[in-house]
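Structure record follows, encoded as structure tokens.
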Amino acid sequence: MQAIDADAKDLGLMLEAAETAAAIAMSYFRNDPGVWYKNGDRSPVSEADIAIDKKLRHLLLGARPDYGWLSEEAEDDDRRLSRQRVFVVDPIDGTRAYIGGRKDWCVSVGLVEDGVPVAGVLAAPARREIWKAVRGGGAYLNNVALDTATAEVGSALRLVVPEAVARAMRAGHAPKDSLPGGPSLALRVAAVASGDFDAVYIRPHSNEWDLAAADVMLRETGHEIVGKAGHLMRYNQPDPSRSILLAARRDLIPELLAPLQLPVGH
């Protein structure tokens, strides 16, 4: 009960911080913010990303100074590895969409405890959406509870399969139909929790900050994020980057992982 109470209090703090961050994001949105590109992968960063990162760090660590911090827009600090609870943040997930004036981006604020995601908020103000979830307390979109996943007999699966993942599948086993997933990985994964997709394959080089908040929503609705071997995603690892992952309803995971695995006997 004590842990659940702590999660709920932290979720309240995260909601307030995410709403403040969303207001900052909207103040720059479609207002020609400064943009530059990271040297390693040439991914864009905007003035808004940095302003939001600073504000979130101030609000969250100011209230929880004993927690760790992992953010896409902050230099990684190994001290987080010794902290039991760690905020895992992406100031703007879907920066390309954001700087292009499109609506499919969000502020992603997750909290993990001993490697397990326990609370998450996605603020998508251009879409007028607030997603939230807390361990043992369910998941919500705009304060409407998300239903637990159930199977629909005979219906075709709604899958998102990036080309990089399809190429990694055994010959002839890649799904024939793939839906467009949108530019924000966090919102794409959250759409599995809401039932808009049955599963989302996640290409290599995603990071913990893309997934931590949405992962809580998955777990609270009968879904999981797993690697190719079927192991649950764990957080606050020394390297925040991941290889191919799958976000899906629990009972679908063995079937959907099979094309990525060698057949028995090989």
Side-chain angles (χ1 to χ4, degrees), residues 11-33 35 43-53 55-56 59-60 71-73 88-111 117 119-134 138-147 149 158-160 162 178-200 202 206-207 209-221 223 225 247:
L11 179 65
L13 171 68
M14 293 159 63
L15 278 166
E16 291 179 4
E19 288 171 357
T20 298
I24 294 172
M26 291 303 290
S27 73
Y28 286 95
F29 185 52
R30 296 175 177 170
N31 199 25
D32 196 26
V35 177
S43 59
V45 184
S46 75
E47 287 181 274
D49 290 90
I50 302 306
I52 291 168
D53 180 79
K55 177 58 74 171
L56 287 174
L59 293 174
L60 295 172
S71 168
E72 180 175 15
E73 306 305 345
V88 183
V89 170
D90 192 344
I92 296 180
D93 185 74
T95 299
R96 285 187 174 88
Y98 177 81
I99 62 180
R102 292 175 287 159
K103 295 181 179 181
D104 295 324
W105 53 270
C106 67
V107 177
S108 177
V109 182
L111 176 66
V121 178
L122 301 178
R127 294 177 20 160
R128 298 182 179 177
E129 294 176 355
I130 292 285
W131 303 69
K132 64 181 179 180
V134 65
Y140 296 81
L141 171 56
N142 291 342
N143 290 320
V144 176
L146 302 181
D147 293 331
R158 297 156 298 172
L159 307 177
V160 178
S178 174
L179 298 172
S184 165
L185 178 53
L187 290 174
R188 199 181 317 154
V189 170
V192 177
S194 68
D196 291 325
F197 298 136
D198 291 300
V200 167
I202 301 168
S206 65
N207 290 279
W209 49 73
D210 300 311
L211 302 168
D215 197 347
V216 191
M217 298 160 204
L218 291 178
R219 297 184 188 215
E220 289 298 309
T221 53
H223 301 84
I225 297 180

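What you see below is based on every heavy atom in this structure, not just the backbone, and it leaves out hydrogens, waters and symmetry mates.
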task = Apply side-chain contact (heavy atoms from CB on, under 4.5 Å) to the pair Val107 and Leu122, showing each step before the final yes or no.
result = CA-CA 6 Å; Val107 177; Leu122 301 178; over 6 Å; no
request  = Give a yes or no on whether the backbone of Val192 and the side-chain of His223 come within a donor-acceptor separation of less than 3.5 Å.
outcome  = yes
remark   = Those residues at least two apart in sequence (or on a different chain) that pass ring pair (Phe, Tyr, Trp, His ring centres under 6.0 Å) with Phe29 are Tyr98, Trp105
query = With sequence neighbours excluded, what pairs up with Glu73 under the salt bridge (Lys or Arg N to Asp or Glu O under 4.0 Å) test?
reply = Lys38
Salt bridge (Lys or Arg N to Asp or Glu O under 4.0 Å) against Arg219, all qualifying residues, sequence neighbours excluded = Asp215
inquiry  = If you define the side chain from C-beta out and look only at heavy atoms, does anything of Leu185 sit under 4.5 Å from Ser206?
reply    = yes
key: Donor-acceptor contact present, side-chain Asp53 to main-chain Pro91, <3.5 Å   = no
message = Between Ser184 and Asp104, does the side-chain hydrogen bond (donor to acceptor under 3.5 Å, both in side chains) criterion hold? Intermediate values first, please.
response = CA-CA 6 Å; Ser184 165; Asp104 295 324; over 6 Å; no
query = Do the side chains of Val45 and Val35 get nearer than 4.5 Å, heavy atoms only?
reply = no
remark   = Glu129 meets the salt bridge (Lys or Arg N to Asp or Glu O under 4.0 Å) criterion, sequence neighbours left out, with Arg127
task = Would you confirm whether Asp93, through its side chain, and Asp210, through its main-chain N or O, come within 3.5 Å as a donor-acceptor pair?
result = no
task = Assess whether side-chain contact (heavy atoms from CB on, under 4.5 Å) is satisfied between Glu72 and Val89, documenting all intermediate values.
result = CA-CA 7 Å; Glu72 180 175 15; Val89 170; over 6 Å; no
Donor-acceptor pairs are to be reported for all side-chain atoms of residues 11-24 against protein atoms at under 3.5 Å, with residues two or more places apart or in another chain.
residue: Thr20; atom: OG1; partner: Glu16; partner atom: O; Å: 3.1

ask   = How many angstroms lie between CE in Met26 and CG in Asn31, if you round to the nearest 0.5 Å?
value = 11.0 Å
query = In chain order, what residues pass the side-chain hydrogen bond (donor to acceptor under 3.5 Å, both in side chains) check against Asp90, with sequence neighbours excluded?
reply = none
message = Could you check whether any side-chain heavy atom of Leu187 comes within less than 4.5 Å of a side-chain heavy atom of Trp131, counting everything from C-beta outward?
response = yes
inquiry  = Return the OG to CG distance between Ser194 and Leu218, rounded to the nearest 0.5 Å.
reply    = 9.5 Å
query = Would you say the side-chain atoms of Arg30 pair up with the backbone N or O of Gly100, donor to acceptor, closer than 3.5 Å?
reply = no
request  = Answer with yes or no whether the side chains of Asp49 and Thr95 bring together a donor and an acceptor at under 3.5 Å.
outcome  = yes
ask   = Can you check side-chain contact (heavy atoms from CB on, under 4.5 Å) on Leu141 and Met217, steps first, answer last?
value = CA-CA 10 Å; Leu141 171 56; Met217 298 160 204; over 6 Å; no
inquiry  = Counting only heavy atoms not in Asp32 (residues, nucleotides, ligands), do more than 12 fall under 6.0 Å from its CG?
reply    = no
ask   = Side chains of Lys55 and Leu59: does their closest heavy-atom pair fall under 4.5 Å?
value = yes
